Amino acid sequence: LTGGAGWAFVVFAVFALGTALAVVLARNPVHSALFLLSSFLLVACIFFLQRAEFVGAVQILVYAGGIMVLFLFVIMLVHQRTVKGATAFQHQWDIALLFLAVFLVPFLYVFWTENFPPLAQNPEALRTVRGRPAGNTEAIAWTLYRDYLLPFEVASIFLLVAMIGAVVLGKRTIEKAD
Amino acid sequence: VTITLNHYLIVSFLLFAIGFFGVLVRRNFLTVLMSLELMLNAVNLNLIAFSQRLSDLTGQVFAIFVITIAAGEAAIGLALTISLFRLRRTLNVEEAATMRG
(Lines give C-alpha, C1' and ligand atoms only; values in the text may rest on other atoms or scores of the structure.)
Protein backbone atom coordinates (compact mmCIF):
# COMPACT_ATOMS: atom_id res chain seq x y z
CA LEU A 1 0.00 0.00 0.00
CA THR A 2 1.35 3.40 -0.91
CA GLY A 3 0.20 6.99 -0.80
CA GLY A 4 -3.34 7.61 0.34
CA ALA A 5 -4.07 3.95 0.96
CA GLY A 6 -1.01 3.79 3.20
CA TRP A 7 -2.22 6.72 5.27
CA ALA A 8 -5.68 5.14 5.43
CA PHE A 9 -4.06 1.99 6.77
CA VAL A 10 -2.23 4.00 9.43
CA VAL A 11 -5.46 5.68 10.52
CA PHE A 12 -7.43 2.42 10.59
CA ALA A 13 -4.68 0.57 12.42
CA VAL A 14 -4.24 3.27 15.06
CA PHE A 15 -7.97 3.47 15.71
CA ALA A 16 -8.32 -0.32 15.73
CA LEU A 17 -5.59 -0.60 18.35
CA GLY A 18 -7.05 2.26 20.34
CA THR A 19 -10.52 0.79 20.43
CA ALA A 20 -9.05 -2.63 21.27
CA LEU A 21 -7.29 -1.04 24.23
CA ALA A 22 -10.56 0.59 25.22
CA VAL A 23 -12.25 -2.85 25.18
CA VAL A 24 -9.77 -4.08 27.76
CA LEU A 25 -9.80 -0.93 29.87
CA ALA A 26 -13.49 -0.03 29.86
CA ARG A 27 -15.27 -0.70 33.13
CA ASN A 28 -18.74 -1.21 31.76
CA PRO A 29 -19.23 -4.34 29.61
CA VAL A 30 -21.62 -2.45 27.33
CA HIS A 31 -18.89 0.07 26.56
CA SER A 32 -16.47 -2.81 25.98
CA ALA A 33 -18.91 -4.37 23.51
CA LEU A 34 -19.33 -1.14 21.58
CA PHE A 35 -15.58 -0.56 21.41
CA LEU A 36 -15.20 -4.16 20.25
CA LEU A 37 -17.71 -3.50 17.49
CA SER A 38 -15.77 -0.49 16.23
CA SER A 39 -12.54 -2.47 16.41
CA PHE A 40 -14.07 -5.21 14.24
CA LEU A 41 -15.29 -2.66 11.72
CA LEU A 42 -11.88 -0.99 11.52
CA VAL A 43 -10.15 -4.33 10.99
CA ALA A 44 -12.69 -5.03 8.24
CA CYS A 45 -11.67 -1.71 6.67
CA ILE A 46 -8.05 -2.91 6.71
CA PHE A 47 -9.20 -6.08 4.92
CA PHE A 48 -10.93 -3.96 2.28
CA LEU A 49 -7.75 -1.93 1.82
CA GLN A 50 -5.89 -5.15 1.08
CA ARG A 51 -8.53 -6.06 -1.47
CA ALA A 52 -9.72 -9.05 0.52
CA GLU A 53 -13.31 -7.97 0.05
CA PHE A 54 -14.98 -11.27 0.84
CA VAL A 55 -13.26 -11.77 4.17
CA GLY A 56 -13.99 -8.15 5.05
CA ALA A 57 -17.67 -8.64 4.31
CA VAL A 58 -17.75 -11.88 6.31
CA GLN A 59 -16.01 -10.09 9.14
CA ILE A 60 -18.71 -7.42 9.21
CA LEU A 61 -21.59 -9.90 8.84
CA VAL A 62 -20.41 -12.54 11.30
CA TYR A 63 -18.48 -10.52 13.85
CA ALA A 64 -20.18 -7.17 13.83
CA GLY A 65 -23.56 -8.64 12.98
CA GLY A 66 -23.78 -12.00 14.71
CA ILE A 67 -21.31 -12.18 17.54
CA MET A 68 -21.88 -8.64 18.77
CA VAL A 69 -25.62 -9.20 18.92
CA LEU A 70 -24.99 -12.35 20.98
CA PHE A 71 -22.76 -10.39 23.34
CA LEU A 72 -25.28 -7.60 23.77
CA PHE A 73 -28.07 -10.13 24.38
CA VAL A 74 -26.07 -11.81 27.12
CA ILE A 75 -25.14 -8.46 28.69
CA MET A 76 -28.83 -7.66 28.74
CA LEU A 77 -29.71 -11.09 30.19
CA VAL A 78 -27.25 -11.09 33.04
CA HIS A 79 -28.07 -7.47 33.89
CA GLN A 80 -25.00 -6.88 35.93
CA ARG A 81 -24.55 -3.57 37.63
CA THR A 82 -21.03 -2.24 37.49
CA VAL A 83 -19.82 -2.08 41.02
CA LYS A 84 -18.53 1.36 41.86
CA GLY A 85 -15.11 1.40 43.46
CA ALA A 86 -14.40 -2.28 42.96
CA THR A 87 -11.45 -2.89 40.69
CA ALA A 88 -12.15 -4.31 37.28
CA PHE A 89 -8.79 -6.04 37.12
CA GLN A 90 -7.42 -9.03 38.89
CA HIS A 91 -3.89 -9.63 40.06
CA GLN A 92 -2.34 -11.41 37.12
CA TRP A 93 -0.22 -8.59 35.73
CA ASP A 94 2.97 -10.51 36.50
CA ILE A 95 1.81 -13.61 34.61
CA ALA A 96 0.61 -11.46 31.73
CA LEU A 97 3.96 -9.69 31.44
CA LEU A 98 5.84 -12.98 31.65
CA PHE A 99 3.81 -14.52 28.85
CA LEU A 100 4.11 -11.34 26.81
CA ALA A 101 7.88 -11.81 26.95
CA VAL A 102 7.42 -15.43 25.89
CA PHE A 103 5.51 -14.22 22.83
CA LEU A 104 7.65 -11.18 22.14
CA VAL A 105 11.01 -12.95 21.92
CA PRO A 106 10.14 -15.37 19.07
CA PHE A 107 8.19 -12.62 17.34
CA LEU A 108 11.16 -10.27 17.35
CA TYR A 109 13.49 -13.08 16.33
CA VAL A 110 11.40 -13.94 13.27
CA PHE A 111 10.79 -10.27 12.60
CA TRP A 112 14.50 -9.42 12.38
CA THR A 113 15.82 -12.55 10.72
CA GLU A 114 13.16 -13.32 8.14
CA ASN A 115 13.05 -11.53 4.80
CA PHE A 116 9.42 -11.33 3.81
CA PRO A 117 8.60 -10.20 0.29
CA PRO A 118 7.94 -6.47 0.58
CA LEU A 119 5.47 -6.40 -2.26
CA ALA A 120 2.97 -8.88 -3.57
CA GLN A 121 4.62 -11.17 -6.08
CA ASN A 122 1.62 -11.77 -8.27
CA PRO A 123 -1.36 -9.82 -6.99
CA GLU A 124 -3.59 -10.85 -9.87
CA ALA A 125 -3.37 -14.49 -8.79
CA LEU A 126 -5.78 -13.62 -5.98
CA ARG A 127 -8.50 -12.70 -8.43
CA THR A 128 -7.95 -15.15 -11.23
CA VAL A 129 -9.85 -18.39 -11.77
CA ARG A 130 -8.35 -20.84 -14.24
CA GLY A 131 -6.54 -18.14 -16.15
CA ARG A 132 -9.47 -15.79 -16.53
CA PRO A 133 -9.99 -12.70 -14.38
CA ALA A 134 -12.64 -13.04 -11.71
CA GLY A 135 -13.61 -11.42 -8.48
CA ASN A 136 -12.14 -12.08 -5.09
CA THR A 137 -15.32 -13.84 -3.99
CA GLU A 138 -15.33 -16.19 -6.95
CA ALA A 139 -11.66 -17.04 -6.48
CA ILE A 140 -12.27 -17.82 -2.81
CA ALA A 141 -15.25 -19.97 -3.72
CA TRP A 142 -13.12 -22.04 -6.10
CA THR A 143 -10.41 -22.50 -3.50
CA LEU A 144 -12.84 -23.24 -0.69
CA TYR A 145 -15.06 -25.73 -2.49
CA ARG A 146 -12.39 -27.47 -4.54
CA ASP A 147 -9.29 -27.62 -2.38
CA TYR A 148 -10.77 -27.28 1.09
CA LEU A 149 -14.03 -29.15 0.84
CA LEU A 150 -13.32 -31.53 3.72
CA PRO A 151 -12.37 -28.74 6.19
CA PHE A 152 -15.50 -26.94 5.08
CA GLU A 153 -17.66 -29.93 5.99
CA VAL A 154 -15.83 -30.34 9.28
CA ALA A 155 -16.52 -26.68 10.03
CA SER A 156 -20.23 -27.25 9.49
CA ILE A 157 -20.17 -30.21 11.88
CA PHE A 158 -18.27 -28.03 14.35
CA LEU A 159 -20.99 -25.40 14.17
CA LEU A 160 -23.65 -28.05 14.74
CA VAL A 161 -21.81 -29.36 17.80
CA ALA A 162 -21.33 -25.83 19.11
CA MET A 163 -25.02 -25.11 18.67
CA ILE A 164 -26.05 -28.28 20.54
CA GLY A 165 -23.50 -27.53 23.24
CA ALA A 166 -24.72 -23.98 23.68
CA VAL A 167 -28.32 -25.16 24.00
CA VAL A 168 -27.39 -27.84 26.54
CA LEU A 169 -25.28 -25.42 28.57
CA GLY A 170 -27.79 -22.62 28.45
CA LYS A 171 -31.00 -24.46 29.28
CA ARG A 172 -32.34 -24.57 32.78
CA THR A 173 -32.32 -27.90 34.50
CA ILE A 174 -35.89 -29.11 34.46
CA GLU A 175 -37.08 -30.07 37.91
CA LYS A 176 -38.68 -33.48 37.80
CA ALA A 177 -42.06 -33.43 39.53
CA ASP A 178 -42.49 -36.63 41.46
CA VAL B 1 3.78 6.22 3.44
CA THR B 2 4.48 2.77 2.10
CA ILE B 3 3.02 -0.05 4.14
CA THR B 4 4.94 -3.30 4.07
CA LEU B 5 4.25 -6.66 5.62
CA ASN B 6 6.22 -5.64 8.70
CA HIS B 7 3.67 -2.99 9.59
CA TYR B 8 0.89 -5.56 9.41
CA LEU B 9 2.91 -7.85 11.64
CA ILE B 10 3.42 -5.11 14.21
CA VAL B 11 -0.25 -4.11 14.26
CA SER B 12 -1.30 -7.72 14.50
CA PHE B 13 1.12 -8.41 17.34
CA LEU B 14 -0.05 -5.37 19.28
CA LEU B 15 -3.69 -6.38 18.80
CA PHE B 16 -2.88 -9.89 19.99
CA ALA B 17 -1.00 -8.55 23.01
CA ILE B 18 -3.92 -6.30 23.96
CA GLY B 19 -6.32 -9.23 23.73
CA PHE B 20 -3.96 -11.41 25.72
CA PHE B 21 -3.74 -8.83 28.50
CA GLY B 22 -7.49 -8.58 28.49
CA VAL B 23 -7.88 -12.33 28.92
CA LEU B 24 -5.46 -12.43 31.81
CA VAL B 25 -6.20 -9.30 33.78
CA ARG B 26 -9.92 -8.67 33.46
CA ARG B 27 -12.29 -9.96 36.09
CA ASN B 28 -15.50 -9.80 34.13
CA PHE B 29 -16.04 -13.03 32.22
CA LEU B 30 -17.75 -11.21 29.34
CA THR B 31 -14.77 -8.93 28.82
CA VAL B 32 -12.48 -11.95 28.88
CA LEU B 33 -14.52 -13.42 26.02
CA MET B 34 -14.33 -10.16 24.09
CA SER B 35 -10.56 -10.12 24.49
CA LEU B 36 -10.45 -13.65 23.09
CA GLU B 37 -12.24 -12.36 20.01
CA LEU B 38 -9.65 -9.61 19.72
CA MET B 39 -6.88 -12.21 19.68
CA LEU B 40 -8.61 -14.19 16.92
CA ASN B 41 -9.03 -10.98 14.97
CA ALA B 42 -5.32 -10.29 15.21
CA VAL B 43 -4.62 -13.73 13.76
CA ASN B 44 -6.96 -12.96 10.88
CA LEU B 45 -5.10 -9.74 10.16
CA ASN B 46 -1.88 -11.71 9.86
CA LEU B 47 -3.46 -14.35 7.63
CA ILE B 48 -4.82 -11.76 5.22
CA ALA B 49 -1.54 -9.86 5.06
CA PHE B 50 0.43 -13.00 4.27
CA SER B 51 -2.19 -14.12 1.76
CA GLN B 52 -1.76 -10.82 -0.01
CA ARG B 53 2.03 -10.89 0.01
CA LEU B 54 2.41 -14.51 -1.04
CA SER B 55 -0.42 -14.26 -3.60
CA ASP B 56 -2.04 -17.35 -2.16
CA LEU B 57 -5.74 -17.58 -1.42
CA THR B 58 -5.23 -20.22 1.27
CA GLY B 59 -4.70 -17.51 3.85
CA GLN B 60 -8.07 -15.95 3.12
CA VAL B 61 -9.82 -19.32 3.24
CA PHE B 62 -8.12 -19.99 6.55
CA ALA B 63 -9.30 -16.63 7.86
CA ILE B 64 -12.87 -17.65 7.02
CA PHE B 65 -12.39 -20.83 9.04
CA VAL B 66 -11.01 -18.79 11.93
CA ILE B 67 -14.12 -16.61 11.83
CA THR B 68 -16.25 -19.78 11.93
CA ILE B 69 -14.38 -21.05 14.97
CA ALA B 70 -14.76 -17.64 16.61
CA ALA B 71 -18.51 -17.78 16.12
CA GLY B 72 -18.73 -21.22 17.73
CA GLU B 73 -16.44 -20.19 20.54
CA ALA B 74 -18.54 -17.11 21.24
CA ALA B 75 -21.73 -19.18 21.34
CA ILE B 76 -20.25 -21.70 23.79
CA GLY B 77 -18.59 -18.99 25.86
CA LEU B 78 -21.78 -17.02 26.19
CA ALA B 79 -23.74 -20.14 27.15
CA LEU B 80 -21.11 -20.72 29.83
CA THR B 81 -21.53 -17.10 30.93
CA ILE B 82 -25.25 -17.60 31.39
CA SER B 83 -24.86 -20.79 33.37
CA LEU B 84 -22.13 -19.22 35.50
CA PHE B 85 -24.37 -16.26 36.23
CA ARG B 86 -27.27 -18.56 37.07
CA LEU B 87 -25.10 -20.52 39.48
CA ARG B 88 -23.17 -17.72 41.19
CA ARG B 89 -25.05 -14.49 40.48
CA THR B 90 -21.76 -12.97 39.41
CA LEU B 91 -19.50 -12.82 36.39
CA ASN B 92 -16.33 -12.36 38.38
CA VAL B 93 -13.93 -15.08 37.30
CA GLU B 94 -12.11 -14.93 40.64
CA GLU B 95 -15.24 -16.08 42.43
CA ALA B 96 -15.59 -19.01 40.08
CA ALA B 97 -12.26 -20.48 41.11
CA THR B 98 -13.61 -23.45 43.00
CA MET B 99 -14.08 -26.79 41.30
CA ARG B 100 -17.08 -27.77 43.39
CA GLY B 101 -20.33 -27.38 41.53
Side-chain angles (χ1 to χ4, degrees), chain A residues 1-2 6-7 9-10 13 17 20-21 23-24 29 32-33 36 39-40 43 46-47 50 52 55 58-59 62 66-67 70-71 74-75 77-78 80 88-90 92-93 95-96 100 107 111 116-118 120-123 125-126 139-140 143-144 148 151 155 158-159 162-163 165-166 169-170, chain B residues 1-7 9 11 13-22 24-28 30-31 33-35 37-38 41 44-45 48-49 51-58 60-61 63-65 67-76 78-83 85-86 91 93-94:
Chain A
L1 298 179
T2 51
W7 284 112
F9 169 78
V10 172
L17 289 175
L21 207 56
V23 171
V24 175
S32 281
L36 187 65
S39 184
F40 284 159
V43 171
I46 294 178
F47 291 165
Q50 288 175 287
V55 182
V58 167
Q59 163 107 356
V62 175
I67 295 181
L70 269 183
F71 268 109
V74 170
I75 290 172
L77 270 179
V78 300
Q80 194 205 24
F89 302 102
Q90 54 179 349
Q92 288 191 355
W93 288 99
I95 306 176
L100 186 69
F107 173 75
F111 194 75
F116 297 115
Q121 291 148 340
N122 181 16
L126 287 182
I140 283 186
T143 316
L144 185 59
Y148 296 95
F158 165 79
L159 282 178
M163 188 179 75
L169 281 172
Chain B
V1 288
T2 304
I3 303 297
T4 61
L5 185 63
N6 290 350
H7 298 90
L9 290 183
V11 170
F13 181 80
L14 287 177
L15 204 56
F16 190 87
I18 290 171
F20 188 75
F21 265 87
L24 278 186
V25 304
R26 283 302 300 240
R27 282 174 133 169
N28 191 326
L30 272 171
T31 323
L33 279 179
M34 291 183 204
S35 309
E37 302 290 335
L38 278 180
N41 223 352
N44 271 350
L45 204 57
I48 298 293
S51 155
Q52 195 70 23
R53 283 306 176 280
L54 303 175
S55 297
D56 191 345
L57 269 179
T58 307
Q60 302 195 6
V61 173
I64 292 171
F65 283 130
I67 290 176
T68 314
I69 303 292
E73 173 250 319
I76 296 287
L78 291 171
L80 282 174
T81 311
I82 291 190
S83 46
F85 183 74
R86 208 173 273 151
L91 289 186
V93 290
E94 283 179 330

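Every chain is numbered from 1, with letters handed out A, B, ... down the list of sequences. For the numbers below, each heavy atom of this structure counts, side chains included, while hydrogens, waters and symmetry mates do not. The structure displayed is predicted, hence computed values, not measured ones.
Heavy atoms only, all atoms of each residue included: B:Ile48 and A:Ala52 are closest at CG2-CB, 3.8 Å. Across every non-hydrogen atom of A:Leu169 and B:Ser83, the tightest pair is O-CB, 3.7 Å. The two residues A:Ser39 and B:Leu38 come nearest to each other via the heavy atoms OG-CD2, 3.8 Å. Closest of all the heavy-atom pairs between A:Ala13 and B:Val11 is CB-CG2, 3.8 Å. Closest approach of A:Val24 to B:Ser35, counting heavy atoms only: CG2-OG, 4.2 Å. What you find for B:Ala71 and A:Ile67 is that their closest heavy atoms are CA-CD1, 3.8 Å.
The contact between B:Thr68 and chain A is made by backbone and side chain atoms together, counting heavy-atom distances below 4.5 Å. Using a 4.5 Å cut-off between heavy atoms, A:Phe71 contacts chain B through both its backbone and its side chain. Interface residue B:Leu57: backbone and side-chain heavy atoms are both found under 4.5 Å from chain A. Residue contact with chain B, scored on non-hydrogen atoms closer than 4.5 Å, involves the side chain of A:Val62 exclusively. Only the side chain of A:Ile46 comes within less than 4.5 Å of a heavy atom of chain B; its backbone N, CA, C and O stay farther away. Both the backbone and the side chain of A:Leu17 come within contact range of chain B, with heavy atoms under 4.5 Å apart. Interface remark: A:Leu21 contributes backbone and side-chain atoms alike to the contact with chain B (heavy atom separation under 4.5 Å).
One finds the CD atom of A:Gln50 at 8.5 Å from the CD atom of B:Gln60 (value rounded to the nearest 0.5 Å).
Chosen from B:Asn41, B:Ile69, B:Leu80, the residue pairing most often with chain A at heavy-atom distances under 4.5 Å is B:Asn41. Per-residue heavy-atom pair counts under 4.5 Å with chain B were compared for A:Val10, A:Leu100, A:Val58, and the maximum is reached by A:Leu100. Between chain A and the residues B:Phe21, B:Phe20, B:Phe13, the most heavy-atom pairs under 4.5 angstrom are made by B:Phe13. Note: A:Ile140 leads A:Ile140, A:Val23, A:Ile95 in heavy-atom pairs under 4.5 Å with chain B. Among the candidates B:Glu37, B:His7, B:Glu73, the residue making the largest number of heavy-atom pairs closer than 4.5 Å to chain A is B:Glu37. Contacts with chain A were tallied for B:Thr81, B:Ile67, B:Ile82; B:Ile67 has the most, counting heavy-atom pairs under 4.5 Å.
Side-chain contact check for B:Leu30 versus A:Ser32: every heavy-atom pair is 4.5 Å or farther apart. Between B:Leu45 and A:Phe47 there is a side-chain heavy-atom pair separated by less than 4.5 Å.
Shown here are the side chain to side chain contact (heavy atoms under 4.5 Å, CB included) partners of A:Leu144, two or more places apart in sequence or in another chain: A:Tyr148, A:Phe152, B:Val61, B:Phe65. By the side chain to side chain contact (heavy atoms under 4.5 Å, CB included) test, A:Phe111 pairs with A:Phe107, B:Asn6, B:Leu9, B:Ile10, sequence neighbours left out.
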For this session: Please lay out, stage by stage, how A:Val43 and B:Asn44 fare under the test side-chain contact (heavy atoms from CB on, under 4.5 Å).
Result: CA-CA 9 Å; A:Val43 171; B:Asn44 271 350; 5.9 Å; no

